[in-house]
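See structure below.
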Protein chains: 2
Amino acid sequence: MPDAADADGLTVGQVSTHLSVTVRALHHWDEIGLARPSLRTTAGYRLYTAADLERLHRIVVYRELGLGLDRIRAVLDDPAADVPGALRAQRAQVAERIDRLRQLSAGLDRMIDAHERGLLLTVEQQAAIFGPGWNPDWPAQARQRYGDTAQWSQYAERSATRGPQEWQAISDAVASLDRALADAMDAGVAPGSPEANHLVERHRDVFASSYFPLSRQMQVCLGRRYEADPAFAAHYDGIRPGLARWLRRVIDASARAHGIDPDTATWA
Amino acid sequence: MPDAADADGLTVGQVSTHLSVTVRALHHWDEIGLARPSLRTTAGYRLYTAADLERLHRIVVYRELGLGLDRIRAVLDDPAADVPGALRAQRAQVAERIDRLRQLSAGLDRMIDAHERGLLLTVEQQAAIFGPGWNPDWPAQARQRYGDTAQWSQYAERSATRGPQEWQAISDAVASLDRALADAMDAGVAPGSPEANHLVERHRDVFASSYFPLSRQMQVCLGRRYEADPAFAAHYDGIRPGLARWLRRVIDASARAHGIDPDTATWA
DNA sequence: CTTGACCCTCACGTCGCGTGAGGCTGGAGG
DNA sequence: CCTCCAGCCTCACGCGACGTGAGGGTCAAG
């Protein structure tokens with residue numbers, strides 16, 4: 001009889017294995033007076049009687065249903081307690097929590113998608129919004145290159161909240177800016193002139209509100225890439241031949257006016 | 001310009017309304033170093049710059065996704081952090097929690113049902129298990145009378161875990177006991193005899209393992225009700241005429257042998 | 001007599017703040 | 001000038017249900 005009880009009660013360890021609760025939990029329930037053992041040995045060992053076990057078992061049952069210890073205490077100590085009512089209230093709470101978690105899961109799905117694809121639009125929607133010059137592979141390529149930067153994370157966080165309407169607004173803003181840049185170049189606006197600098201600020205604003213905050217230094221790097229990267233250059237030169245180069249020079253001049261040497265500017 | 005920022009930063013209250021977070025949360029994030037304001041006034045007022053607001057906004061976004069502050073810190077501070085991985089892990093956790101909550105909700109449903117109906121069986125199942133003498137209105141009547149007692153709660157808790165098989169076992173045990181009682185009466189077993197007392201103990205065991213723990217005092221009350229209540233009496237007298245009365249006398253005699261006066265015994 | 005498993009009582013840590021207490025600060029009005 | 005009041009500050013405890021040691025007795029077996 002290694003574990004067969006001294007007839008007058010079980011110790012915490014024995015109860016613990018019987019009911020699959022931790023010893024600490026039994027201690028806790030004793031501390032708060034939820035379930036005290038009827039007996040103690042002279043050495044202070046807790047001894048739980050059969051009646052104690054009844055109560056403990058009931059506690060375990062209601063605890064598994066997610067009720068708080070206070071509510072359990074009420075249910076056990078007041079025989080006239082409205083048990084079904086308490087259970088229904090609990091069920092309602094659980095339903096609410098499930099709902100919240102589902103919404104949360106949906107949000108996580110969106111965010112994961114945004115991080116991985118960069119754009120929560122179908123290819124058709126992309127074509128309709130960004131026009132014929134758009135290549136649906138671009139977001140994937142961008143993620144390939146910049147996916148492990150903080151900027152990509154920030155961009156993804158914003159993308160997760162953007163639908164077709166928001167992207168249409170961005171597309172419109174970019175197109176409008178491109179036209180203004182082309183018009184300015186046509187009109188002979190010189191790098192460093194107030195008009196040119198104003199356009200550079202506008203570019204920074206549009207970019208920042210579309211993608212992620214852009215420092216002047218970063219803008220310089222971006223201007224260089226506009227000219228050097230074939231895809232970007234094709235975009236701008238497709239609007240007006242020489243526009244990529246002109247834009248780079250305009251950005252450089254503006255940076256210089258703000259005390260930045262464009263030749264040593266760094267992205268970070 | 002009542003709230004238009006002193007150009008160099010926003011105070012906690014302003015940020016709080018902008019981002020819909022509590023002032024205390026901002027304090028907390030400052031305390032743990034998750035988001036400290038870049039500036040302080042000479043009086044110690046926190047001033048959050050535009051860059052600070054960026055960070056705060058990202059924190060809010062990830063917090064709404066249910067990430068812990070430590071994980072958010074990792075995501076924000078390490079640009080190479082595996083954000084989609086962290087999000088997917090979070091999604092898995094959320095899925096698990098939803099699952100657990102659903103099981104919990106199902107358990108609550110069962111328990112509510114058990115409390116209200118007393119028996120989680122269809123009428124057909126009840127007829128098949130308890131035989132032709134069974135009246136499907138009995139559980140509802142029992143609940144009507146005893147629904148606000150602790151015993152009913154204990155009985156309901158057990159019922160919630162019982163299916164047709166368990167009820168069949170109980171029905172068999174009760175039928176077997178009834179047969180044994182009838183045989184004993186037929187054989188002329190006298191109240192107070194060892195055989196009779198043994199049967200009383202067996203009745204107490206069967207009842208306790210079927211419904212709820214039964215003290216000897218409660219058993220006496222039950223014996224009286226067996227004789228006085230027409231439904232119970234009809235059950236026992238249907239097995240053998242006079243069995244209800246005989247059983248009551250047998251229980252009384254056993255109680256007396258245990259030092260209980262059956263005429264003053266109380267239920268509680 | 002020792003070993004090792006079991007028990008005891010403190011008492012702090014968890015997680016993300018809520019909620020005061022007690023006391024400055026800063027701008028508006030008298 | 002003073003006062004008022006909203007808003008800010010720093011502690012510091014509280015929550016819920018225990019987990020996790022620390023430090024030390026107890027008990028049956030070898």
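Here is how names work: the chains are called A, B, and so on, in the same order as the sequence lines, proteins then strands, and each is numbered from 1. Everything numeric in this text was worked out from a predicted model, so none of it was measured.
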Please report, rounded to the nearest Å, how far the [atom2] atom of [N] is from the [atom1] atom of [X].
{"X": "A:R73", "N": "D:dG16", "atom1": "CZ", "atom2": "P", "value": "12 Å"}
{"X": "B:D70", "N": "C:dC17", "atom1": "CG", "atom2": "C1'", "value": "14 Å"}
{"X": "B:Y48", "N": "D:dC8", "atom1": "OH", "atom2": "P", "value": "11 Å"}
{"X": "B:Q14", "N": "C:dG27", "atom1": "CD", "atom2": "P", "value": "12 Å"}
{"X": "A:I59", "N": "D:dG16", "atom1": "CD1", "atom2": "C1'", "value": "16 Å"}

Checking side-chain polar atoms at under 3.5 Å, does B:Y62 have a donor or acceptor matched by the opposite partner on A:E157?
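Per modelled atom types, B:Y62 and A:E157 side chains form a pair under 3.5 Å.
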
Interface residues of residues 20-38 of chain B with DNA chain D (non-hydrogen, below 4.0 angstrom)
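By residue number: B:R24, B:H27.
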
Salt bridge (charged side-chain N to carboxylate O under 4.0 Å, His left out) involving B:R102 - partner list, sequence neighbours excluded
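None.
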
Going by salt bridge (charged side-chain N to carboxylate O under 4.0 Å, His left out), name the residues that satisfy it together with A:R63, two or more places apart in sequence or in a different chain.
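Once residues adjacent in sequence are excluded, A:R63 has no partner under the salt bridge (charged side-chain N to carboxylate O under 4.0 Å, His left out) criterion.
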
So for the helix from C:dC1-D:dG30 to C:dG30-D:dC1, with five pairs setting each end axis, what is the inter-axis angle to 10°?
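One end axis against the other gives 30°.
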
Does CD belonging to B:E31 count more than 12 external heavy atoms closer than 6.0 Å?
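For B:E31, atom CD is crowded (more than 12 foreign heavy atoms under 6.0 Å).
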
Under 4.0 Å from any atom of DNA chain C, heavy atoms only: list the residues of residues 91-101 of chain B that qualify, in numerical order.
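Going residue by residue through residues 91-101 of chain B, none turns out to have a heavy atom under 4.0 Å of DNA chain C.
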
Pairs satisfying salt bridge (Lys or Arg N to Asp or Glu O under 4.0 Å), at least one member in residues 203-216 of chain B, at least two apart
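Matches after skipping sequence neighbours: B:E201-B:R204, B:E201-B:R216.
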
Look at the side chain of B:Y45 and the base of C:dG26, then say whether one donor and one acceptor between them are separated by less than 3.5 Å.
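In this structure, the two groups form no donor-acceptor pair.
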
Side chain of B:T11, heavy atoms from C-beta onward: which of C:dC6, D:dC8, C:dG16 has the nearest atom to it?
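Out of C:dC6, D:dC8, C:dG16, the nucleotide with an atom closest to B:T11's side chain is D:dC8.
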
